[in-house]
K.L.:
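There's a structure below that I have some questions on.
Please read these numbers as outputs of a predicted model, since none were measured by experiment. Chain naming here is simple, since letters A, B, ... match the order of the sequence lines and numbering starts at 1 in each.
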Amino acid sequence: MITITLPDNSRKTFDSPPTVREVAASIGTGLAKAALAGKVDGKLVDLSRIIDHDARVEIVTEKSPEALDIIRHSTAHLLAQAVQRLHPGTQVTIGPVIENGFYYAFARKEPFKPEDLPAIEAEMKKIAAEALPVTRSVKSRDEAIRFFRDLGEEYKAQIIESIPANEELSLYTQGEFTDLCRGPHVPDTGRLKAFKLMKTAGAYWRGDSHNEMLSRIYGTAWLNDKDLKAYLTQLEEAEKRDHRKIGRQLDLFHQQEEAPGVVFWHPNGWTLWQQVEQYMRRVYRESGYQEVRCPSILDVSLWKKSGHWDNYKDNMFFTESEKRTYAVKPMNCPGHVQVYNDGLHSYRDLPIHYGEFGSCTRNEPSGALHGLMRVRAFTQDDGHIFCTEEQIESEVTAFHAQALAVYRDFGFTDIAIKLALRPEPRLGSDQVWDKAENALRDALRACGAQWEELPGEGAFYGPKIEYHLKDAIGRTWQLGTMQVDFMMPERLGAEYVDEQSQKRHPVMLHRAIVGSMERFLGILIEHHAGNFPAWLAPVQAVVLNITDAQADYAAQAADALARRGLRVRADLRNEKIGYKIREHTLQKVPYLLVVGDREREKGTVSVRARSGEDLGSMALSGFAERLEAETGPR
RNA sequence: GCUCACGUAGCUCAGUCGGUAGAGCACUUCCUUGGUAAGGAAGAGGUCACAGGUUCGAUUCCUGUCGUGAGCACCA
């Protein structure tokens, strides 16, 4: 007798051990039909799994949170099967589920090309239509290795060899195709309906750049066509928002061949930058930071002392003069320590806050460069706090509140917090790391924050809090950080005099809210799709005359608004009003001010919002007040 | 850095199975003075990324370099 407990705590008994499928059938035929897999005592299993003991059982259907992963994993197998049908001799390696889909990595002489995908996808649809049952079997290690070696699947055999000997090896077979897999899988290939192959790419075997390059095929898979379509639409939306494209359309910046990984900011883009910089400068000021400015090149000896030479020299640029070697700074912290060190500090001075819009240069690998998002020369809103251990918590708490306020002002409200813990290799003893990690935990707790911990992800000199922001189309970006550092002050000889007249090393906190200005502007561009709120827009309003007769009035109006500090231009070109409106609408200008004879007579402007909404005509000063109200608080 | 793909006018792209190139938009000039998303005409604009090679001849084929894109690796 087997007793099965269902999620609603009802029980069913079976005379002999039932399969998950039989349990589902005993509840209802509809459920049996909808079932994809099962959960036995919280563990995901196939429908065909025999339950040989009393257990809690849950039937996984499309409505279950686990359904997508199962479908994606099975679709990866479907891909591998199609590839082996069409391209015999291709070896399979791994095919995991990833965000929004899956991939399968293959070993073959000729990598797959995008042109190969339609035929493979068609074959996948064919196999899905065949509705091949997917069956699970168990083999011993040696049997499994022999099985795959006989098939010529050397990589699979290697994977098995790396699995601990005591683990059970399960194989999944659908038609002529068998793959090693933990499972579970859908009961038959007919359950895979909504998928699409997306792209091909090279990837190293086992993620190691010393190994051979495999050919990966990426795909996406969903529960139904509607979800698939929604996902593809979202990709299109992301493409439309691409900051490189909008950057060109709105004439914000450009990049060119002679300067890989660096940015030429155009007047519009630099105006946007300045709005952000001036805003952040006020944040520095209002939260007690003193702004400093440190040199870009410093003698290499300083970088040896700080530990950067050992840990980071491959990513640094060097330059020489008169037999001395200088490093172009990749980070601002050593510079700030020099400012701190120039003079004596009492414990009464602490905490000391230095802030800088520090330009850093890092020799990023060429393959990592990407528009504004990953550049070689960038500017950080970088701040360092020199404080005592006792002050860490209140400093972190204050920073936390500040960071959240900044994100809110820029239009980000969905923020996840992560705590990156000690990595390998690292500086300092475990004791010091315990202290640093716990200080951050205590501070987060004091803020009432929820966070996720990421073991091994910290910086070599200390753990860090990371702020991950979700943008308007649901992508997340890591922006701010707060790091505790017990090492750098000691290495660079930062000291203060305590109450007993003893010299001690302060703790150093590294913090940034927007991180790289370049990257932040890229994120802002994509988040707003170029439709910047008025306080950030490079041009806030354009005055448009209808005919030459109002040219003087239009120019005066634009001038009057500009003198109030608003970013306003006049477009006096001899073009029809519709033409000018179209052009400035495409330029995403928040307000268009149309002036004809009527407006000139009354000293008004007719206001058109970016959305196309007609806000009616208003006095010039009325419009100015309206725009100021919109931009004023920031 | 690795793999694959790509690089043609300011932008978006077409094209040449090897005989030195074309469209739309933008730009210039002229006409037009028009009330809320493209008025008309004419004109100018390209060393087809760069360097070699093959060829009577290369933008086209081959090799290399640089850059870009996607992914991988990297992101202290």
Side-chain angles (χ1 to χ4, degrees), chain A residues 98 103 105 110-116 198-218 239 242 244-245 248-249 251 254-261 303 306-316 330-331 333 362-371 373-376 378 420 423-427 457-462 464 478 483 485 487-488 510 515-516 519 544-551 572-587 592-599 606-610 612-615 617:
Chain A
I98 52 174
Y103 69 80
E110 286 286 306
F112 284 110
K113 293 187 176 143
E115 304 90 86
D116 299 324
M198 305 299 286
K199 57 197 165 196
T200 61
Y204 302 108
W205 167 234
R206 296 196 154 147
D208 186 330
S209 55
H210 300 294
N211 288 344
E212 59 272 51
M213 178 72 69
L214 305 175
S215 179
R216 267 190 201 174
I217 296 179
Y218 285 81
E239 208 170 305
D242 190 313
R244 294 164 299 186
K245 192 172 164 183
R248 203 178 302 116
Q249 282 165 355
D251 197 16
H254 88 268
Q255 295 177 286
Q256 66 187 44
E257 276 204 29
E258 292 84 348
W303 301 104
S306 69
H308 289 85
W309 175 265
D310 290 334
N311 287 284
Y312 204 62
K313 69 169 174 305
D314 289 347
N315 279 309
M316 289 163 69
M331 290 176 96
C333 30
R362 301 179 183 179
N363 192 7
E364 300 285 0
S366 57
L369 303 178
H370 178 88
M373 300 304 190
R374 189 85 178 265
V375 288
R376 289 194 173 134
F378 58 97
E424 295 294 345
R426 57 176 179 262
L427 295 176
E457 299 277 309
F460 73 90
Y461 49 76
K464 58 180 173 183
Q478 191 202 314
Q483 312 182 7
D485 180 358
M487 329 285 176
M488 190 91 63
H510 305 245
S516 152
R519 181 162 170 275
L544 313 173
N545 59 330
I546 288 173
T547 71
D548 287 346
Q550 308 91 33
L572 308 178
R573 290 175 304 170
N574 173 17
E575 296 289 353
K576 288 194 169 179
I577 192 69
Y579 180 92
K580 295 194 208 178
I581 284 176
R582 173 183 155 81
E583 197 157 286
H584 294 108
T585 302
L586 290 175
Q587 285 296 305
L592 301 183
L593 313 178
V594 176
V595 299
D597 286 337
R598 289 201 294 276
E599 287 78 10
S606 280
V607 183
R608 182 191 161 106
R610 182 163 49 197
E613 193 191 352
D614 182 1
L615 301 178
S617 70

K.L.:
Contact class for A:Gly612 vs. all strands (heavy atom < 4.0 Å): base, sugar-phosphate, or nothing?
P.N.:
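Counting heavy atoms under 4.0 Å across all strands, no contact is made by A:Gly612.
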K.L.:
With a 4.0 Å limit, can you tell me whether A:Lys199 has a side-chain N or O closer than that to the phosphate oxygens OP1/OP2 of B:A70?
P.N.:
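Answer no for this pair, as no side-chain N or O of A:Lys199 is under 4.0 Å from OP1 or OP2.
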K.L.:
Counting side-chain heavy atoms from CB outward, which of B:U68, B:G69, B:C72 is closest to A:His370?
P.N.:
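My answer, after comparing the listed nucleotides, is B:G69.
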K.L.:
What stems, by residue range, does RNA chain B take part in, given at least 3 consecutive Watson-Crick or G-U pairs under 3.5 Å?
P.N.:
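Runs of three or more consecutive pairs: B:1-7 with B:66-72, B:10-13 with B:22-25, B:27-31 with B:39-43, B:49-53 with B:61-65.
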K.L.:
Any protein N or O atoms within reach of nucleotides 24-27 of chain B? Criterion: under 3.5 Å, listing atom names and distances.
P.N.:
{"from": "B:A26", "atom 1": "OP1", "to": "A:Tyr579", "atom 2": "OH", "distance (Å)": "3.0"}

K.L.:
Would you indicate whether the side-chain heavy atoms of A:Met331 and A:Tyr312 approach each other to under 4.5 Å?
P.N.:
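Side-chain contact under 4.5 Å: no.
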K.L.:
Using a 4.0 Å heavy-atom cut-off, write out nucleotides 6-11 of chain B from 5' to 3' as B (base contacted by protein), S (sugar-phosphate only) or - (no contact).
P.N.:
-B---S
K.L.:
Would you mind telling me which of B:U68, B:C4, B:U33 lies closest to the side-chain atoms of A:Thr547?
P.N.:
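Of the options given, the side chain of A:Thr547 lies nearest B:U33.
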K.L.:
Going by the rule salt bridge (Lys or Arg N to Asp or Glu O under 4.0 Å), which residues pair with A:Asp597 if we only count those two or more places apart in sequence or in a different chain?
P.N.:
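Residues passing salt bridge (Lys or Arg N to Asp or Glu O under 4.0 Å) with A:Asp597: A:Arg600.
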K.L.:
Mind checking what makes salt bridge (Lys or Arg N to Asp or Glu O under 4.0 Å) contact with A:Arg374, not counting sequence neighbours?
P.N.:
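Result, salt bridge (Lys or Arg N to Asp or Glu O under 4.0 Å) vs A:Arg374: A:Glu364.
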K.L.:
Compare side-chain N and O positions of A:Arg374 against OP1 and OP2 of B:A73 and report whether any pair is under 4.0 Å apart.
P.N.:
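No, A:Arg374 has no side-chain N/O under 4.0 Å of OP1/OP2 on B:A73.
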K.L.:
By ring-ring contact (aromatic ring centres under 6.0 Å, His included), which residues pair with A:His584, not counting sequence neighbours?
P.N.:
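Per chain and number, A:His584 pairs via ring-ring contact (aromatic ring centres under 6.0 Å, His included) with no residue.
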K.L.:
Could you tell me the separation between the CG atom of A:Asp597 and the C1' atom of B:G34, rounded to a whole number of Å?
P.N.:
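One finds 12 Å between C1' of B:G34 and CG of A:Asp597, rounded.
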K.L.:
Hey, are A:Arg206 and A:Asp208 close enough for a salt bridge, meaning a charged N less than 4.0 Å from a carboxylate O?
P.N.:
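Salt bridge between A:Arg206 and A:Asp208, a charged N being under 4.0 Å from a carboxylate O: no.
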K.L.:
Run the salt bridge (Lys or Arg N to Asp or Glu O under 4.0 Å) test against A:Arg582 and tell me which residues pass, sequence neighbours left out.
P.N.:
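By the salt bridge (Lys or Arg N to Asp or Glu O under 4.0 Å) rule, A:Arg582 matches no residue at all.
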K.L.:
Among all residues two or more places apart in sequence or in another chain, which pass the side-chain hydrogen bond (donor to acceptor under 3.5 Å, both in side chains) test with A:Ser516?
P.N.:
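For A:Ser516 there are no side-chain hydrogen bond (donor to acceptor under 3.5 Å, both in side chains) partners, ignoring immediate neighbours.
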K.L.:
The criterion is side-chain contact (heavy atoms from CB on, under 4.5 Å); which residues satisfy it with A:Pro114, sequence neighbours excluded?
P.N.:
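A:Pro114: side-chain contact (heavy atoms from CB on, under 4.5 Å) contacts with A:Thr200.
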K.L.:
Where the side chain of A:Asn315 is concerned, which of B:C74, B:G71, B:A70 is the nearest nucleotide?
P.N.:
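That would be B:C74.
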K.L.:
With sequence neighbours left out, what residues match A:Arg362 under salt bridge (Lys or Arg N to Asp or Glu O under 4.0 Å)?
P.N.:
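Result, salt bridge (Lys or Arg N to Asp or Glu O under 4.0 Å) vs A:Arg362: none returned.
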K.L.:
In residues 211-218 of chain A, what donor-acceptor pairs under 3.5 Å come from side-chain atoms, sequence neighbours left out?
P.N.:
{"from": "A:Asn211", "atom 1": "ND2", "to": "A:Trp205", "atom 2": "O", "distance (Å)": "2.8"}
{"from": "A:Glu212", "atom 1": "OE2", "to": "A:Tyr155", "atom 2": "OH", "distance (Å)": "2.8"}
{"from": "A:Ser215", "atom 1": "OG", "to": "A:Phe112", "atom 2": "N", "distance (Å)": "2.9"}
{"from": "A:Arg216", "atom 1": "NH1", "to": "A:Tyr218", "atom 2": "OH", "distance (Å)": "2.8"}
{"from": "A:Arg216", "atom 1": "NH2", "to": "A:Tyr103", "atom 2": "OH", "distance (Å)": "3.1"}

K.L.:
Within this structure, what is the CD-to-P distance between A:Glu258 and B:C50, rounded to whole angstrom?
P.N.:
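Going from CD in A:Glu258 over to P in B:C50 covers 12 Å.
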K.L.:
Once you round it to whole Å, what is the distance between P of B:C74 and CZ of A:Arg362?
P.N.:
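Those two atoms, CZ and P, are 16 Å apart.
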K.L.:
Taking side-chain hydrogen bond (donor to acceptor under 3.5 Å, both in side chains) as the test, write out the residues that go with A:Lys580, two or more places apart.
P.N.:
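Checked A:Lys580 against side-chain hydrogen bond (donor to acceptor under 3.5 Å, both in side chains); matches are A:Asn545.
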